[in-house]
Undergrad: 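What follows is a structure written as structure tokens; I'll ask about it next.
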Amino acid sequence: MVTHKMVNFIPKGRIPIFVGNGNNEKNFLRDNTGNNISSKNKYYSELTAMYWIWKNDQTSNYVSIEHYRRFFMNPTYFLPKIISDKKISKLISNDKIIVPQKQRWSVSIGDHYKTNHSTRDFNNTLKIIKRIYPGYVSSFNKVMNGHSLFAYNMLVMPKKMFDEYCSWLFTILFELEEVTDLSKRNTYQQRAYGFMAERLFNVWLIHNIDYKDIVELPVYYLTDNKVKTVLKSIKSRLDKRPYIPQKTTEGLHQ
């Protein structure tokens, strides 16, 4: 359970990992020990936790990534309920991968990225993939020309597979970092590598995983208000209308 601030709610079976340079008052597991990129958290978001797990966890059989305000939901209950770790274990017992319920978008994934984030980053990422992982170009184009996405960098998968994914992902992102200047972007747009990773996860998935091995779970959205939490979580599970992204121009670096 990735968090950048102190939280009081920790679902059973979750291990909180604290990211960034905030005050870790409760001594959660932290991403700034061992082999880490914690200092880059403002650019990589929850990926600094993923990097830490990849490099430092040598004992887990599976890895689950959720957030302090987003969790996988148990789909068998009408009223929203966070799925138990035991239920997750049953779902992945045959090397399945768990991802958030796919979002349908009103615009293509690539057009949205170029409009709301950075055309230059988009083009540089494609150049890097062509150079380092040319076999993934068709998968990249398929995702970016498509209108659906597994979002939030949330996942559950075998640790061996997680390590393979991270090796691929961070190879691309570190190359992108070499040709990217984030200094003139606002705080939101500086999270560029986290945003790009959301898209790249989908590229890696369709290239490596049979759809029959992917388990989609709705997302439980935790808020400060119980009624709002229930309504938002129900909507995320039942609303089939295409997501219409809000156009953001502040801090863009084209």
Side-chain angles (χ1 to χ4, degrees), residues 45-47 50 64-67 69-76 80 83 88 91-92 95-119 121-123 125-126 128-130 133 135-157 161-162 164-166 168-169 172-173 176 188-189 191-221 231-248 252:
S45 299
E46 61 276 346
L47 300 185
M50 291 175 60
S64 170
I65 301 294
E66 295 172 304
H67 306 286
R69 60 192 177 96
R70 295 191 191 103
F71 299 92
F72 287 113
M73 192 193 306
N74 191 327
T76 62
I83 194 168
I88 286 179
L91 289 174
I92 61 177
D95 284 347
K96 302 289 187 182
I97 289 180
I98 297 175
V99 296
Q101 184 172 288
K102 182 177 285 187
Q103 295 180 356
R104 269 74 181 180
W105 289 26
S106 61
V107 298
S108 76
I109 303 305
D111 284 346
H112 170 266
Y113 199 91
K114 289 182 280 189
T115 301
N116 280 47
H117 295 294
S118 170
T119 299
D121 290 357
F122 180 95
N123 292 336
T125 300
L126 179 55
I128 291 166
I129 290 175
K130 285 181 176 178
Y133 299 113
Y136 282 81
V137 171
S138 61
S139 298
F140 180 90
N141 290 332
K142 184 176 181 179
V143 169
M144 297 303 177
N145 291 328
H147 288 71
S148 60
L149 187 75
F150 299 120
Y152 307 134
N153 288 319
M154 291 172 59
L155 55 86
V156 186
M157 63 173 63
M161 191 178 292
F162 176 82
E164 293 170 356
Y165 166 59
C166 285
W168 177 87
L169 174 67
I172 295 171
L173 295 181
L176 180 61
Y188 176 75
Q189 295 294 349
R191 293 158 52 190
Y193 309 119
F195 293 137
M196 182 57 74
E198 282 187 276
R199 282 74 182 172
L200 291 178
F201 178 54
N202 288 258
V203 175
W204 186 87
L205 269 183
I206 69 167
H207 190 85
N208 293 286
I209 309 300
D210 289 336
Y211 190 75
K212 65 179 177 59
D213 292 324
I214 296 175
V215 178
E216 296 183 38
L217 291 181
V219 175
Y220 182 96
Y221 292 90
L231 293 177
K232 187 172 183 179
S233 299
I234 289 177
K235 182 180 178 182
S236 74
R237 181 172 60 185
L238 300 180
D239 191 353
K240 303 301 181 183
R241 292 174 297 178
Y243 168 59
I244 303 175
Q246 203 171 24
K247 188 172 182 180
T248 303
L252 287 182

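These numbers come from the heavy atoms of this one structure, side chains and all, not from hydrogens, waters or symmetry mates.
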Undergrad: With sequence neighbours excluded, what pairs up with F162 under the ring-ring contact (aromatic ring centres under 6.0 Å, His included) test?
TA: none
Undergrad: Decide side-chain contact (heavy atoms from CB on, under 4.5 Å) for L217 and L91; before the verdict, give the C-alpha distance in whole Å, the side-chain angles of both, and the deciding distance to 0.1 Å.
TA: CA-CA 10 Å; L217 291 181; L91 289 174; 4.2 Å; yes
Undergrad: What are the two closest heavy atoms between Q101 and S236, and how far apart are they?
TA: NE2-O, 3.1 Å
Undergrad: Starting at OH of Y211, measure out to CD1 of I206 and round the result to the nearest 0.5 Å.
TA: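 The CD1 atom of I206 is 12.0 Å from OH of Y211, to the nearest 0.5 Å.
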Undergrad: So, taking the atom named CD1 in I65 and the one named CD1 in I98, what distance separates them when rounded to the nearest 0.5 Å?
TA: 13.0 Å
Undergrad: Treating S233 as the side-chain partner and Y221 as the backbone partner, does any N or O pair qualify as donor plus acceptor under 3.5 Å?
TA: yes
Undergrad: Working to the nearest 0.5 angstrom, can you tell me the gap between T125 OG1 and L176 CG?
TA: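 The OG1 atom of T125 sits 4.0 Å away from the CG atom of L176.
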Undergrad: Is there a side-chain contact between F72 and M154, using heavy atoms and a 4.5 Å cut-off?
TA: yes
Undergrad: Can you measure from CD (Q103) to CD1 (I109) and round to the nearest 0.5 angstrom?
TA: 8.5 Å
Undergrad: Rounded at 0.5 Å granularity, tell me how far OG1 in T115 sits from CZ in F122.
TA: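 T115 OG1 to F122 CZ: 10.5 Å, rounded to 0.5 Å.
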Undergrad: Step by step, would you call H112 with R199 a side-chain contact (heavy atoms from CB on, under 4.5 Å)?
TA: CA-CA 11 Å; H112 170 266; R199 282 74 182 172; 3.3 Å; yes
Undergrad: Indicate the atoms forming the closest heavy-atom contact of F140 with L126, along with that distance.
TA: CD2-CD1, 3.5 Å
Undergrad: Testing the basics here: between G194 and L47, what is the closest heavy-atom pair and its distance to 0.1 Å?
TA: CA-CD1, 4.0 Å
Undergrad: Looking only at atom types and distance, does a side-chain atom of S45 sit under 3.5 Å from a main-chain N or O of R191, one as donor and one as acceptor?
TA: no
Undergrad: To the nearest 0.5 Å, what is the distance between CG (D95) and CG (D213)?
TA: 8.0 Å
Undergrad: Evaluate the side-chain proximity of N202 to V99: yes if any heavy-atom separation is below 4.5 Å, no if none is.
TA: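 Side chain of V99 against side chain of N202, heavy atoms only: no contact under 4.5 Å found.
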Undergrad: Closest heavy-atom contact between I209 and M161?
TA: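 Nearest pair, atom of I209 first, then M161: CD1-SD, 3.8 Å.
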Undergrad: Count the heavy atoms belonging to other residues, nucleotides or ligands that lie under 6.0 Å from NZ of K235, then report whether that count exceeds 12.
TA: no
Undergrad: Search all heavy atoms of E216 against all heavy atoms of K102 and return the closest pair with its distance.
TA: OE1-N, 2.9 Å
Undergrad: Would you say E46's side chain and E66's backbone share a donor-acceptor pair under 3.5 angstrom?
TA: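 Judged by distance alone, no pair lies under 3.5 Å.
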Undergrad: When the ring centroid of F201 is compared with that of Y152, is the distance short of 6.0 Å?
TA: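 They do not qualify: ring centres at least 6.0 Å apart.
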Undergrad: Please lay out, stage by stage, how R104 and H147 fare under the test side-chain contact (heavy atoms from CB on, under 4.5 Å).
TA: CA-CA 6 Å; R104 269 74 181 180; H147 288 71; over 6 Å; no
Undergrad: Which pair of non-hydrogen atoms, one from H207 and one from S139, has the smallest distance, and what is that distance?
TA: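 Minimum heavy-atom separation between H207 and S139: ND1-OG, 3.0 Å.
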Undergrad: Please work out whether the ring planes of Y136 and W168 are parallel, tilted or perpendicular, with thresholds of 30° and 60°.
TA: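 Judged by the thresholds at 30° and 60°, the geometry between Y136 and W168 is tilted.
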Undergrad: If you apply the rule side-chain contact (heavy atoms from CB on, under 4.5 Å), what do you find for Y165 with N208, and how did you get there?
TA: CA-CA 10 Å; Y165 166 59; N208 293 286; over 6 Å; no
Undergrad: Under 3.5 Å, side chain of K96 to main-chain N/O of K212, donor-acceptor pair present?
TA: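 Side chain of K96 to backbone of K212: a pair is present.
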Undergrad: Please confirm whether F195 and Y188 have ring centers closer than 6.0 angstrom.
TA: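 Yes, close enough.
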